[in-house]
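Okay, structure first, notes after.
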Amino acid sequence: MVQHLRRWLLLLFDRVRGHERYLVARVDERPRWRVGKTLYVVGEPDHPWCAVFTCPCGCGEEVALNLLPDVRPRWEVTATCGLAASVAPSVRRIRGCRSHFHIRRGQVQL
């Protein structure tokens, strides 16, 4: 309940300021539909296996990042302030739009 309220307040504050952030949502299974700037961390709470979100370049394609520690390449997703997504290292798409970006504290940096 408290997390939902924090998410709602953060989204409202960002919209008032004129920009939105990528926020982390933890899910058990890979979502069929992606909503806005949501970065879905898929798996059990202690064992996430992938992160899925919509490419920030505007192409609308799904970006899926491996979070498994024994498989390469591998990314780490953290939630600053409990919700705003940070991804390390940067994401470089080798197919499709071929964009390269960072996500830090929910903001996309090209």
Side-chain angles (χ1 to χ4, degrees):
M1 175 75 172
V2 173
Q3 185 175 9
H4 294 293
L5 180 60
R6 288 177 62 196
R7 177 182 291 267
W8 182 82
L9 288 172
L10 187 59
L11 286 170
L12 179 64
F13 183 69
D14 283 346
R15 287 188 182 138
V16 168
R17 291 189 334 197
H19 55 79
E20 296 180 34
R21 303 176 198 222
Y22 273 86
L23 301 179
V24 171
R26 299 192 183 275
V27 294
D28 294 331
E29 296 180 19
R30 196 170 178 155
R32 291 184 189 197
W33 313 104
R34 297 176 314 276
V35 177
K37 293 191 173 194
T38 302
L39 189 145
Y40 298 93
V41 175
V42 183
E44 298 175 15
D46 295 335
H47 302 287
W49 58 273
C50 90
V52 180
F53 57 99
T54 302
C55 184
C57 82
C59 70
E61 292 293 318
E62 176 182 270
V63 176
L65 304 176
N66 171 52
L67 303 178
L68 295 171
D70 298 332
V71 181
R72 301 287 184 254
R74 177 183 182 258
W75 286 263
E76 290 187 30
V77 173
T78 56
T80 55
C81 301
L83 297 171
S86 290
V87 176
S90 65
V91 178
R92 181 183 302 270
R93 298 197 60 210
I94 58 173
R95 292 186 207 118
C97 66
R98 302 180 65 85
S99 60
H100 180 222
F101 55 89
H102 295 268
I103 300 177
R104 293 187 181 127
R105 293 183 305 277
Q107 299 294 321
V108 174
Q109 300 170 346
L110 301 174

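Numbers here simply count residues along the sequence, with the first being 1.
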Can you sort out the partners of Arg93 under salt bridge (Lys or Arg N to Asp or Glu O under 4.0 Å), two or more places apart, ordered by chain and number?
-> none
Neighbour count above 12 (heavy atom, 6.0 Å) for Gln109 CD = yes
Quick check: are there more than 12 heavy atoms from other residues, nucleotides or ligands sitting under 6.0 Å from CZ of Arg92?
-> no
Which residue pairs pass the salt bridge (Lys or Arg N to Asp or Glu O under 4.0 Å) test with at least one member in residues 96-110, sequence neighbours excluded?
-> none
So side chain to side chain donor-acceptor pair (under 3.5 Å) across residues 46-71, not counting sequence neighbours, yields Arg30-Glu62, Arg34-Thr54, Arg34-Glu62
Keeping to residues at least two apart or across chains, list the ring-ring contact (aromatic ring centres under 6.0 Å, His included) pairs with something in residues 20-39.
-> Tyr22-Phe53
Steps toward side chain to side chain contact (heavy atoms under 4.5 Å, CB included) verdict (Val91, Ile103) | CA-CA 8 Å; Val91 178; Ile103 300 177; 5.8 Å; no
Excluding sequence neighbours, so at least two apart, what forms side-chain hydrogen bond (donor to acceptor under 3.5 Å, both in side chains) with Ser90?
-> His100
What heavy-atom pair brings [X] and [Y] nearest, and what distance separates the two atoms?
X	Y	value
Cys59	Cys55	SG-CB, 3.7 Å
Val27	Pro31	CG2-CD, 4.4 Å
Val42	Asp28	CG1-O, 3.9 Å
Ala84	Gly106	CB-N, 4.0 Å
Ala79	Val24	CB-CG2, 4.0 Å

If two hydrophobic side chains count as joined below 4.5 Å and joins carry through other members, does Val63 share a cluster with Val71?
-> no
Is there a path of hydrophobic side-chain contacts, each under 4.5 Å between heavy atoms of I, L, V, M, F, W or Y residues, that connects Val52 with Val35?
-> yes
Calculate, to the nearest 0.5 Å, the distance between atoms CZ and SG belonging to Arg74 and Cys50 respectively.
-> 13.0 Å
To the nearest 0.5 Å, how far apart are CG in Leu39 and CZ in Arg26?
-> 9.5 Å
side-chain contact (heavy atoms from CB on, under 4.5 Å) involving Leu110 - partner list, sequence neighbours excluded = Phe101, Val108
Within a strict 4.5 Å, meaning less than it, do heavy atoms of the Val77 and Tyr40 side chains meet?
-> no
